[in-house]
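Step one of this worksheet: look at the structure below.
Keep in mind the model is a prediction, meaning the values are calculated, not measured.
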Amino acid sequence: MKACHWVIACAFIFNSSSGVAQAVYFDKTFNVGNNQEVGWSVLILPDSSYITLSNGADFFSGDGSYSLSFFSFEGNIVDNKIYKTNFSFPYVGFCNTLLTLPDSNGYIFAGSIEDNATGDSDNILVKFNNSGDTIFVKEYASTDYEALYGDVLTHDDYILGIGFKGPYSESKDVLLMKLDTNGNLIWQKTYGGTETDLGYSIFEFKPFEYVIGGVKIFNGTNANPWIIVTDSSGTIIKEKEFLEPFYSCAIFLYLTLDNKYLMSTCVDTVINPGDFDRPACILKLDTNFNVIWKAILNDHLNNGLYIIKQLADSSIIFTGFQEGGNPNAPEGWIGKLDKNGNKLWEHQYRHDNSLANYFSDFEQTTDGGFIITGSTYGPTGQDMWLVKLDSMGCLEPCATNTGTFETTDNTISLQCYPNPARSQTSVLYNIPESGSEASI
């Protein structure tokens, strides 16, 4: 007997109050800070509601703020905490920077604040209670220009912040800061040479071993991805600079389920006539930095990746933006690869007729779908964007549940789902072991 796949089309969530399964998908914008906002982080709370971290700036008054916003499962805003800063613009890092503290004891993020009048930028650590009230804002001032782009909570409950540091008008070095959850600085280390070196992502590979995703920029344009592995004191254990023809828009690293590295960047080339340059690229590396596979997300559109994550089923989800369609404006972009780097699906989204749409961060929801935050132009200007998609990345349900059954059928069969299809379809096929050929 031979195992074949069966598929039943369905897209649902479980409503615990009524016991009835119902679809909940949405595309909403929120003016959470009375500024020009960007949503950078989203978390799912134990009751399946959501919390987002965003930042913004009022270009007329120069006031900056960051916001912690709470949403119901249906995407309705429940509470919103806006925090004004003394600086013109607060950076909440890049994507996925809002961290849940141990024992569900609130939230924390590492970022920076910039004074547009003086050009000064200093790093901050902000801690909230479970209601979103600020417990403290710790500022780490220096005479250098510095910023944090990523953070992570270690197994022993320290905060690692990664970014860069250096004189305002000169080259920068990768900056790694280690802090406790009360905001005390344990140590900070810089890494780099005469070129500009930036750190974008950080994770703990195993206890007391930290992996940094960075980039070396030469002459302001040529860039090489750079991975640094350190011990718990920040001393380099090993490193690799990728000298292949990459152009790194930014480099993000993620730990895989089998303890390897996922790296996202982009390639400095045009693969096919008519392509935009610098196609997005996702690689899987072993711990010696050897490439296991490389997926080139090649398109006639200009691609930008913000974050990649591996799901429990080993598949890989990425989010970012694509630009160059009709109209020639960014669209929110989400896609899925299998564990070997083969693209399974992708979708682009535009809120109404907005000309600027970006997907920043996402989490997988309990129904297998995705909650995404980012930014788009809504009724009040650039607003925080919250989108709920199903497990196939669709706003209109197209999810599937799959299983297996045993068959002795030796005939060739082909089946499509969903049917009728919207933007995509999947093909289910049975080819007997005798080696018959089938064509579609």
Return yes if some donor-acceptor pair links the side-chain N/O of [X] with the main-chain N/O of [Y] below 3.5 Å, else return no.
X: Tyr349; Y: Leu395; value: yes
X: Thr97; Y: Val92; value: yes
X: Ser360; Y: Gly39; value: yes
X: Asn80; Y: Val32; value: yes
X: Ser315; Y: Asp338; value: no
X: Asp383; Y: Tyr377; value: no
X: Asp151; Y: Phe109; value: no
X: Asn123; Y: Leu148; value: yes
X: Lys127; Y: Gly183; value: no
X: Glu37; Y: Gly56; value: no

Taking C-beta and beyond as the side chain, do [X] and [Y] meet within less than 4.5 Å on heavy atoms?
X: Leu355; Y: Pro327; value: yes
X: Leu344; Y: Met392; value: no
X: Ile251; Y: Trp226; value: no
X: Ile159; Y: Met177; value: no
X: Thr265; Y: Phe242; value: no
X: Tyr200; Y: Ile162; value: no
X: Leu297; Y: Phe318; value: yes
X: Trp40; Y: Tyr66; value: no

Pair Lys189 + Asp173, salt bridge at N-O below 4.0 Å: no

query: Can a salt bridge be assigned to the pair Lys260 and Asp286 using a cut-off of 4.0 Å between side-chain N and carboxylate O?
result: no

Would you say the side chains of [X] and [Y] form a donor-acceptor pair under 3.5 Å?
X: Asn303; Y: Trp333; answer: no
X: Glu114; Y: Tyr145; answer: yes
X: Ser354; Y: Thr376; answer: yes
X: Asn340; Y: Lys284; answer: no

query: Do the two ring centres, one from Trp385 and one from Tyr358, sit under 6.0 Å apart?
result: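 Ring centroids of Trp385 and Tyr358 are no less than 6.0 Å from each other.
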
Look at atom [atom1] of [X] and say whether more than 12 heavy atoms of other residues, nucleotides or ligands are closer to it than 6.0 Å.
X: Phe136; atom1: CZ; result: yes
X: Asn259; atom1: CG; result: yes
X: Asp103; atom1: CG; result: no

message: Give me the atom names and distance for the closest heavy-atom approach of Pro167 to Asp144.
response: N-OD1, 3.4 Å

Taking every non-hydrogen atom, the tightest pair across Asp120 and Ser142: OD1-O, 4.0 Å

field: Pairs satisfying salt bridge (Lys or Arg N to Asp or Glu O under 4.0 Å), at least one member in residues 132-142, at least two apart
entry: Lys81-Asp133

- prompt: Within 45° of the six-membered ring axis of Phe71 and under 6.0 Å from that ring's centre, is NZ or CZ of Lys388 located there?
  reply: no

- request: Look up atom CD in Glu331 and atom CD in Gln322, then write down how far apart they are to the nearest 0.5 Å.
  value: 7.5 Å

task: Determine the sole option in Tyr306, Phe94, Tyr149 for which the ring pair (Phe, Tyr, Trp, His ring centres under 6.0 Å) test with Phe252 is passed.
output: Phe94

Expected list for residues 227-234: side-chain donor-acceptor pairs under 3.5 angstrom, two or more places apart:
| residue | atom | partner | partner atom | Å |
| --- | --- | --- | --- | --- |
| Asp231 | OD1 | Ser233 | N | 3.0 |
| Asp231 | OD1 | Ser233 | OG | 2.8 |
| Asp231 | OD1 | Gly234 | N | 3.1 |
| Asp231 | OD1 | Thr235 | N | 2.9 |
| Ser233 | OG | Thr235 | OG1 | 3.3 |

